[in-house]
Amino acid sequence: MSLTLASGSPQRSEILRKLGLEFEVLVSGVEELSGGDPEFEVLENARRKARAVGGDGIVIACDTDVVLDGKALGKPTDAAESRRYLDLMSGRPHEVLSGLVVLVDGAERSGLDQTTVVFRELSEAEKERYVAFGEWQGRSGGYAIQTLGSTLVERVEGSVSNVVGLPVGLLFELAPELFSAAQ
């Protein structure tokens, strides 16, 4: 059965490769919702991506965002906004929320995953270093936990793969046939 990842995210591709899965990447190009209820938005954005790609076999689509004080932060537009995100999250917990949609021959399976990430109290120098490093670009919440962003984190409660961008545990629940095929 063919497998398609409806995402251009290199992190999602890397996770699927490490799981031993062979897949094709198709970027949907759909316009994503923002500014409303984060749970609705991440699930609906994933649904739109999956449906736009469609086709036979299995399609995986995911949307991940960082939620602070009940609002999705999205991706910072510039270095100043990235710095503002670090100021807001320093010393505090936030949620990483992912909507995951799997289409199996057109039939939809979907779910949400939520992980709590607690940032350390960050010094001004640490914030400046991270922004200057540039890793915030194109990242929800303005950080990437799998590289230098890990230095910002005090602890993670829940799925680390969810924070990276593809909740593997939820994927296993929604599409266990992928994992029996990978054996």
Side-chain angles (χ1 to χ4, degrees), residues 4-16 25-54 59-103 108-119 122 127 130-131 133-149 152-153 156-171 174:
T4 303
L5 175 62
S7 172
S9 162
Q11 294 77 26
R12 291 183 182 125
S13 289
E14 171 107 4
I15 290 170
L16 291 180
V25 172
L26 292 176
V27 180
S28 66
V30 298
E31 189 167 331
E32 295 185 7
L33 299 175
S34 64
D37 174 62
E39 287 188 7
F40 174 80
E41 285 177 3
V42 295
L43 195 53
E44 184 60 24
N45 286 336
R47 183 174 289 119
R48 289 177 179 197
K49 293 174 189 179
R51 289 181 179 164
V53 167
V59 176
I60 298 170
C62 187
D63 188 57
T64 301
D65 211 335
V66 169
V67 179
L68 183 67
D69 299 328
K71 295 184 180 181
L73 294 180
K75 298 171 185 170
T77 56
D78 56 25
E81 188 169 42
S82 170
R83 172 55 192 260
R84 188 173 67 79
Y85 285 6
L86 291 176
D87 289 340
L88 290 170
M89 293 188 291
S90 179
R92 299 184 57 204
H94 60 270
E95 305 304 318
V96 177
L97 188 62
S98 289
L100 182 63
V101 172
V102 177
L103 299 179
E108 181 181 311
R109 304 171 188 172
S110 62
L112 289 167
D113 201 357
Q114 181 174 316
T115 303
T116 300
V117 178
V118 180
F119 271 18
L122 304 174
K127 294 173 196 174
Y130 192 73
V131 171
F133 189 67
E135 187 176 68
W136 56 269
Q137 296 177 31
R139 312 280 184 164
S140 292
Y143 74 97
I145 197 169
Q146 65 272 27
T147 47
L148 189 62
L152 309 173
V153 176
V156 176
E157 299 167 7
S159 167
V160 173
S161 69
N162 180 46
V163 181
V164 174
L166 184 64
V168 174
L170 181 57
L171 179 61
L174 297 178

Reported CG-to-CG distance for the pair Asp113 and Leu170, which is rounded to 0.5 angstrom: 5.5 Å
For the student: nearest non-hydrogen atoms of Gly99 and Leu112, plus distance: CA-CD2, 4.0 Å
Sub-4.5 Å side-chain heavy-atom contact between Glu44 and Arg47: yes
Heavy-atom pair of closest approach, residues Val25 and Gly8: CG1-CA, 4.4 Å
Check: Thr4 side chain, Val59 main-chain N or O, donor-acceptor pair, under 3.5 Å: no
Beyond-backbone contact of Leu33 with Phe40, side-chain heavy atoms, under 4.5 angstrom: yes
Least distance between heavy atoms, Val30 atom then Ala52 atom: CG1-CB, 3.5 Å
Distance (rounded to the nearest 0.5 Å) between Glu108 CD and Leu174 CG: 9.5 Å
Rounded distance (nearest 0.5 Å) linking atom OG of Ser9 with atom CZ of Arg139: 8.0 Å
Val42 and Gln114, any side-chain heavy atoms less than 4.5 Å apart: no
Minimum-distance pair of heavy atoms, taken over all atoms of Ser13 and Leu5: OG-CD2, 3.6 Å
Ser28 side chain to Ala6 backbone, donor-acceptor under 3.5 Å: no
Heavy-atom side-chain proximity of Val164 to Glu14 below 4.5 angstrom: no
Within-4.5 Å side-chain heavy-atom neighbours: Asp87 and Lys127: yes
Aromatic ring proximity, centroids under 6.0 angstrom, His94 and Tyr143: yes
Intermediate values then yes/no, side-chain contact (heavy atoms from CB on, under 4.5 Å), Leu166 and Gln11: CA-CA 8 Å; Leu166 184 64; Gln11 294 77 26; over 6 Å; no
Lys49/Glu32 salt bridge by N-O under 4.0 Å criterion: yes
Side-chain heavy-atom pair Val160, Thr115 within 4.5 angstrom cut-off: no
Shortest non-hydrogen contact between Leu103 and Gly54, atoms and distance: CD1-CA, 4.5 Å
With sequence neighbours excluded, residues passing side-chain contact (heavy atoms from CB on, under 4.5 Å) with Thr64: Arg12, Cys62, Val96, Ser98
Spatial distance of atom CG (Asp69) from atom CG (Leu88) [nearest 0.5 Å]: 8.0 Å
side-chain contact (heavy atoms from CB on, under 4.5 Å) between Phe119 and Leu86, intermediate numbers included: CA-CA 9 Å; Phe119 271 18; Leu86 291 176; 4.0 Å; yes
Expected output: side-chain Glu41 to main-chain Gly35 donor-acceptor under 3.5 Å: yes
Side chain proximity check, Ile60 to Leu16, heavy atoms < 4.5 angstrom: yes
Non-hydrogen atoms of Trp136 and Ala79 that approach each other most closely: CH2-N, 3.3 Å
Nearest-0.5 Å distance that lies between atom CG in Asp65 and atom NZ in Lys75: 8.5 Å
Heavy-atom donor-acceptor pair, Tyr130 side chain to Leu152 backbone, under 3.5 Å: no
